[in-house]
Amino acid sequence: MEHLKFEELPISKATLRAVLEMGFEEATPIQSEAIPLILNGSDVIGQSQTGTGKTASFGIPCLEHIDPQSRKLQALILCPTRELAIQVSEEFRKLLKFRSNIMVLPIYGGQPIDRQILSLKKGVQVVIGTPGRVMDHMRRRTLKMDHVKYVVLDEADEMLDMGFREDMETILSQVPEERQTVMFSATMSPEILELSKLYMKEPELVKISRKTLTVPQIEQVYFDVKEKYKLEALCRLIDSYEPKLAIVFCNTKRRVDDVVEQLLGRGYFADGLHGDLKQTQRDRVMQKFRNGSIEILVATDVAARGIDVDDVDMVFNYDLPQDEEYYVHRIGRTGRAGRSGKAFTFCTGKEIYKLRDIMRYTKTKIIQQKLPTLTDMEATKTGIFMDKVKAVMEEGSLNRFAEIVEQIMEGAGEDCSAMDVAAALVKMQLGDSFADFNEAENDLNTPNKFVGAKKDTEEKGEMVRLFINAGRNSQIRAKDIVGAFAGETGMPGKLIGSIEIYDDFTYVDVPYSYAKDIVRQMEGNKIKGRKVNVERAKKGKITKPGQRRKEEKGSRGKRS
Ligand code: ADP
Ligand code: MG
């Protein structure tokens, strides 16, 4: 499948402008195939891996379908979690940058329902919500489905995994049959096909499958870096390893410009390459890169596709690539022609899942490393400086300068030794750069909360037991709890440990780092339509994730 240019798609000028502003250079494969079909009015099942741009695949056609003159609800997007609902609605807002007459609202549990009702009354045409909260509004008649003509089940596999099947079916059966139904998913399952048979009309299946890829045998490392420290991390790695030629990959054009500017600001020789540049400009940048007048080339995937340089000794994934194929192309830029190369990837928070996908699929191990610390950096800088000083001493012809040292000593008085003067000169050379790193130092290598949480819980078993004041008598099942907790906090359902359901109460083990958030988010919230109270349990033994399935089955067995 070719990548289409957005200009080749039959979309409005306003949407095209917005997409270009977002920095997208070309449509991803799923977008190239799905957008024309959906624009044509077909029901579509789209399957492609995470991070391949499924949101815009249904978002762009959705906005083209809305009648801005009508203030009735026209499109409903269902997402598995609060976090995804927010993400999708942010993407919609960006797509709507040049249109003021379409209103989009995310609705999810954990946010006061009154506020949502007020917003809905203003005449929202697109609602992006989690199934539980959408049902809630349907029951209250604050969401009316009568004019809905476009329904999207986003991340359908995840919604099913989280036990939303019943809710999804209830919602779908209340939307007029005269509608377009679109479903996106990273994986396909019999259950998804079953749903599609029941609720879709002759759906077109768009499947973007993975190509077989050969991964170059080079050193691959990743760093867990917060977004705001990426530049600092990049600079440290460049200073420590001193590559002659490095390519830094970013996901958008704007990002390329930003990074180039910041690198220049810090005194690096850098330039950028992206699709907005004319051929002559590109040639000029490449010329500079080849003859060594720039040491860092910042580029998008598309722009880098055409370049051919052999001796790149380091590749940085400043942004995690959109898919595995890009990853393999990117790192293939180094270690060519038998040279050694390194690939460094920055990974922020939950992106670790995407990175694990890349590892699984490319069958490579990307090992985690810590960024060079302040002390490492000082040692590196000092080493480089000492080598330079030695070289200058070996060159000789120092007499004129030795005279100046004597003058300084005389002027400074009797106590001043040659050592004092030398130390002052070294400080003048190195002092500033030593100080540079101080601010970020404490924060830089502290693992991101999310990744830390995963590690702690899976490896050290740091779980917290929560108590819910409802159980079997309220018809609460394990999947309702997984759905509610994961939906409210964005925590992956699989991190939940044991769930023990008794007649009037339930114990649930959750990762320590999520416990507080869950308790807070569940305050005033419902599970299975029943208001519940969630708090930290007084005591009890804790189980690790992975043991849940067994227990669930066990308790189900007992009941029947
Ligand atoms: P998925 O739903 O397939 O997991 P998303 O729709 O969340 O993927 O997209 C992942 C990221 O890729 C988002 O940051 C999005 O803005 C970006 N993106 C989407 N389409 C493109 C494109 N054509 N070019 C560059 N970036 C894109
Ligand atoms: Mg998605």
Side-chain angles (χ1 to χ4, degrees), residues 1-9 11 15-16 18-35 38 44-62 77-97 106 128 130 152-159 161-162 182-188 206-210 227 249-256 274-276 299-305 317-327 330 347-351 353-358 490 492:
M1 175 71 208
E2 284 302 300
H3 296 250
L4 289 182
K5 294 251 171 244
F6 283 100
E7 289 88 338
E8 296 172 77
L9 291 167
I11 53 176
T15 307
L16 181 62
V19 169
L20 298 180
E21 180 110 341
M22 284 161 87
F24 297 180
E25 285 200 316
E26 56 177 20
T28 63
I30 186 87
Q31 290 165 353
S32 302
E33 286 204 43
I35 292 176
I38 305 177
V44 169
I45 306 177
Q47 185 199 351
S48 67
Q49 317 132 241
T50 307
T52 50
K54 294 191 285 296
T55 314
S57 303
F58 61 77
I60 290 173
C62 173
I77 323 282
L78 290 180
C79 299
T81 63
R82 165 181 79 147
E83 200 182 51
L84 284 168
I86 293 172
Q87 261 175 35
V88 168
S89 88
E90 273 165 9
E91 189 106 337
F92 269 63
R93 293 236 156 87
K94 288 186 203 150
L95 288 169
L96 281 169
K97 173 140 191 217
I128 299 163
T130 50
V152 180
L153 307 177
D154 187 25
E155 314 285 353
D157 49 352
E158 258 188 68
M159 282 202 280
D161 280 352
M162 289 172 57
V182 166
M183 177 148 82
F184 279 89
S185 186
T187 59
M188 232 358 105
V206 175
K207 183 178 167 175
I208 307 297
S209 41
R210 309 169 138 164
E227 179 58 42
F249 281 100
C250 299
N251 285 355
T252 64
K253 296 186 261 193
R254 197 192 283 166
R255 193 83 162 151
V256 167
H274 57 60
D276 274 358
T300 58
D301 294 284
V302 180
R305 216 177 274 159
N317 293 308
Y318 198 81
D319 294 321
L320 203 60
Q322 229 91 48
D323 63 29
E324 293 91 1
E325 217 177 304
Y326 281 170
Y327 179 82
R330 286 180 179 188
C347 170
T348 306
K350 282 191 184 177
E351 286 179 347
Y353 287 119
K354 215 158 133 187
L355 191 67
R356 287 197 183 135
D357 266 358
I358 293 177

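In each ligand, atom 1 is the first atom listed, and ligand 1 is the first ligand listed. If you're wondering where the values come from, they're calculated on a predicted model, not measured in any experiment.
Between the CD1 atom of I208 and the CD atom of Q31 there is a distance of 10.0 Å, given to the nearest 0.5 Å. A distance of 7.0 Å separates NZ of K94 from CZ of F24, quoted to the nearest 0.5 Å.
Within the 4.5 Å cutoff, the side chain of L16 has heavy atoms near those of the E7 side chain.
The protein heavy atom nearest to atom 18 (N) of ligand 1 is F24 CZ, 3.4 Å. Among protein heavy atoms, the minimum distance from atom 7 (O) of ligand 1 is reached at T55 OG1, 3.5 Å. Here the protein heavy atom with the shortest distance to atom 17 (C) of ligand 1 is Q322 NE2, 3.3 Å. Considering only non-hydrogen protein atoms, atom 15 (C) of ligand 1 sits nearest to E91 OE2, 3.6 Å. Scanning the protein for heavy atoms near atom 1 (P) of ligand 1, the closest one is G51 N, 3.3 Å. In this structure, atom 23 (N) of ligand 1 lies nearest to the protein heavy atom E26 O, 2.7 Å. Nearest non-hydrogen protein atom to atom 8 (O) of ligand 1 is G53 N, 3.2 Å. Protein heavy atom at the shortest distance from atom 20 (N) of ligand 1 is Q31 NE2, 2.8 Å.
With hydrogens and angles disregarded, a donor-acceptor distance shorter than 3.5 Å links the side chain of R254 to the backbone of E21. Judged purely by atom type and a 3.5 angstrom limit, D157 has no side-chain atom pairing as donor or acceptor with the backbone of M188.
Using a 4.0 Å cut-off between heavy atoms, F6 contacts ligand 1 through its side chain alone, with no backbone atom that close.
Between K354 and Q322, the shortest heavy-atom contact is CE-O, 4.0 Å. The two residues I30 and S57 come nearest to each other via the heavy atoms CG2-OG, 3.6 Å. The heavy-atom pair separating C347 from L355 by the smallest distance is SG-CD2, 4.3 Å.
Residue contact check for ligand 1: Q87 places no non-hydrogen atom closer than 4.0 Å to it. The closest approach between any non-hydrogen atom of T252 and ligand 1 is not below 4.0 Å. Contact between M22 and ligand 1 is absent, with no heavy atom of the residue lying under 4.0 Å from the ligand.
Partners of P61 under the side chain to side chain contact (heavy atoms under 4.5 Å, CB included) rule, at least two apart in sequence or in another chain, are I35, I38, L39, Y150. Looking at residues two or more places apart in sequence or on another chain, you find a side chain to side chain contact (heavy atoms under 4.5 Å, CB included) between T55 and F58, V88, E91.
Those atoms of ligand 1 that come under 4.0 Å of a heavy atom in T52, given as number and element, are 1 (P), 3 (O), 8 (O). Atoms of ligand 1 found under 4.0 Å from any heavy atom of E155, numbered from 1 in the order shown, are 2 (O). Each of the following atoms of ligand 1 lies closer than 4.0 Å to a heavy atom of Q49: 3 (O). Ligand-side atoms of ligand 1 in range of T28: 22 (C), 23 (N), range being under 4.0 angstrom from any heavy atom.
Among the backbone and side-chain atoms of E155, an N, O or S atom lies under 2.8 Å from the Mg ion (ligand 2).
Side-chain contact, E25 with T300: a donor N or O sits under 3.5 Å from an acceptor N or O.
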